[in-house]
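Down below is the structure, laid out as structure tokens.
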Protein chains: 2
Amino acid sequence: MSKVAAEQPSWREARRAAARQTIIEAAWSLVGDEGFGGLAMRDLARRAGVTPPTLYAYFDSKHAILDAMFAQGQLEFAARRSSGRPDEPMATLRWFAETFVSFCTENPVRYQLLYQRPVPGFVPSDASYALAARNLEPTRRCLAAVGLAEEAHLDVWTALWAGVVAQQIANEPGGTRWTRHVDTVLDMYLDHYLKPTKRRR
Amino acid sequence: MSKVAAEQPSWREARRAAARQTIIEAAWSLVGDEGFGGLAMRDLARRAGVTPPTLYAYFDSKHAILDAMFAQGQLEFAARRSSGRPDEPMATLRWFAETFVSFCTENPVRYQLLYQRPVPGFVPSDASYALAARNLEPTRRCLAAVGLAEEAHLDVWTALWAGVVAQQIANEPGGTRWTRHVDTVLDMYLDHYLKPTKRRR
DNA sequence: GTCTATATGTGGATAGAC
DNA sequence: GTCTATCCACATATAGAC
């Protein structure tokens with residue numbers, strides 16, 4: 001086999017992957033403008049510069065497109081969080097909190113797809129959902145590194161940031177009314193669990 | 001005018017209100033089984049024991065039905081929270097937190113309609129949304145009564161319980177993995193704001 | 001792979017008889 | 001007010017030519 005022939009399959013794969021990525025990006029653009037209720041295959045095709053049947057040459061269904069978007073979002077989050085991560089565990093916790101909150105609030109529709117169920121009937125595939133579960137592990141290990149190794153510690157941690165993000169996006173998308181309290185909430189959390197005082201009541 | 005004739009209009013109003021309530025209850029039943037994606041006028045009519053056109057004799061549109069459900073949910077929450085409310089402000093705060101969390105988690109679809117946007121294209125009317133805003137006032141006043149009168153205090157408060165509820169419903173509907181930490185989170189919050197220690201960082 | 005044309009289903013909402 | 005029958009817009013998805 002010549003070198004060209006040997007590489008041809010990967011060329012095709014690359015072209016195919018590029019075409020898929022074009023569709024994904026058109027889909028993000030569309031839901032950004034119209035919301036998930038406006039994600040129709042016709043409109044998506046138009047925005048991607050093709051016709052509806054062409055979409056089905058790259059994805060089996062609309063759900064498959066949503067699943068690819070979900071997976072890409074999870075990978076984006078993993079990349080964002082690992083890039084610039086500090087060395088110290090305590091600084092890393094702050095970094096994790098800030099990164100999650102800014103990642104979610106800077107793109108509400110991405111947040112909705114990753115952490116809510118904005119499309120009735122769509123649930124991520126097991127493979128994509130595994131990416132989501134995997135994204136919890138660094139937080140779990142980092143909390144354990146500062147002595148917070150119990151399930152309760154992680155659960156309260158996730159609830160804190162889920163709440164900040166949910167309130168910000170639901171009540172003041174694009175603003176900072178809730179996100180500005182990330183540092184305060186983090187102090188609250190760390191003070192409570194790392195400097196235990198007697199419980200009330 | 002005879003007494004009967006004078007009362008007839010209210011009879012009709014009562015019958016009409018009862019019919020509307022029947023439809024609303026059928027709608028809650030339907031979304032409980034099928035989710036908001038399964039709320040179709042045909043199916044709703046069947047469950048309410050009528051035909052689709054009859055629904056339009058009582059509601060102008062599907063959105064009007066959703067709006068009535070939203071308003072009813074807000075009123076239910078107000079009633080739930082005021083019934084059994086303690087006298088002391090501190091006990092009331094605990095009551096408010098527990099009531100909100102149990103109210104939301106005991107009925108996930110109600111929670112979704114009241115605090116998320118599960119139906120693309122539907123937004124509550126101004127009148128219904130005013131009920132939601134009104135439901136925030138008792139919390140605001142109660143926090144102020146214990147010395148937490150700033151916007152930040154209320155915003156962090158709402159984020160805390162929004163997060164607990166969101167995590168519980170999204171990851172373990174029907175369970176208590178997150179809701180069991182309501183007391184802990186409340187202590188965390190009160191310890192931070194009522195016994196201020198020096199901030200980290 | 002991409003197109004034109006269309007199948008097929010379902011949604012909300014309505015006309016008009018009773 | 002309630003029904004039967006239906007309209008009409010729009011959705012996902014596919015057949016078949018090129």
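Naming: A, B, ... by sequence-line order, numbering from 1 per chain.
- One can place CZ of B/Arg12 at 8 Å from P of D/dG1, the figure rounded to the nearest angstrom.
- The side chain of A/Ala57 lies closest to C/dT2 when the candidates are C/dT2, D/dT2, D/dT14.
- Ion pair B/Arg134/B/Glu137 not flagged as a salt bridge, since none of the NZ, NE, NH1 or NH2 atoms sits closer than 4.0 Å to an Asp/Glu carboxylate oxygen.
- Residue-level contact check: B/Arg15 touches neither bases nor backbone, having no heavy atom under 4.0 Å from any strand.
- Distance A/Arg20 CZ to C/dG1 P: 11 Å, rounded to the nearest Å.
- Proximity note for A/Thr51 (side chain, C-beta onward) versus D/dC3, D/dG1, C/dT2: the nearest is C/dT2.
- In this structure, the side chains of A/Ile65 and A/Leu39 stay at 4.5 Å or more apart for every pair of heavy atoms.
- Here B/Thr54 reaches the OP1 or OP2 of D/dC3: one of its side-chain N or O atoms lies under 4.0 Å away.
- Nucleotide C/dA13 holds its P atom 10 Å from the CG atom of B/Leu55, rounded to whole Å.
- Distance A/Tyr56 OH to C/dA5 C1': 15 Å, rounded to the nearest Å.
- The distance between atom CZ of A/Phe59 and atom P of D/dT12, rounded to the nearest whole Å, is 15 Å.
- Among the protein residues, B/Leu39 comes within range of the sugar-phosphate backbone only, with heavy atoms under 4.0 Å from sugar or phosphate atoms but none that close to a base.
- Salt-bridge formation is not detected for the pair B/Asp155/A/Arg180: no Lys NZ or Arg NE/NH1/NH2 atom is positioned less than 4.0 Å from an Asp or Glu carboxylate oxygen.
- When the nucleotides D/dT12, C/dT4, C/dG11 are ranked by their closest atom to the side chain of A/Pro53, C/dT4 comes out on top.
- The aromatic ring centroids of B/Tyr115 and B/Phe77 lie 6.0 Å or more from each other.
- Cation-pi geometry between A/Arg81 and A/Phe100 is not met at under 6.0 angstrom from the ring centre and within 45 degrees of the axis.
- Each of B/Arg16 and B/Pro52 was matched to the nucleotide of DNA chain D holding its nearest heavy atom; the match closer to the 5' end belongs to B/Arg16.
- Toward the 5' end of DNA chain C, the nearer of the two residues A/Gly49 and B/Asp43, judged by each one's closest nucleotide, is A/Gly49.
- Remark: P of D/dA11 and CG of A/Leu66 are 15 Å apart, rounded to the nearest angstrom.
- Rounded to an integer number of Å, the gap from B/Leu44 CG to C/dG11 C1' is 14 Å.
- B/Arg110 forms a cation-pi arrangement with B/Phe103, by the criterion of a distance under 6.0 Å to the ring centre and an angle within 45° of the ring axis.
- You'll find that the side chain of B/Ala40 is closest to C/dG11, out of C/dA15, D/dT14, C/dG11.
- Taking the side chain of A/Tyr58 as heavy atoms from C-beta on, and the options D/dA11, C/dA13, C/dG1, the nearest nucleotide is C/dG1.
- Residue A/Arg42 places at least one side-chain N or O under 4.0 Å from the OP1 or OP2 atom of D/dA11.
- The nucleotide whose nearest atom lies closest to any side-chain atom of A/Val50 is, among C/dC3, D/dC10, D/dT2, C/dC3.
- Considering only side-chain atoms of B/Lys62, the nucleotide from D/dG1, D/dT12, C/dA13 that sits closest is C/dA13.
- The nearest whole Å value for the distance from the CD1 atom in A/Ile65 to the C1' atom in D/dT12 is 11 Å.
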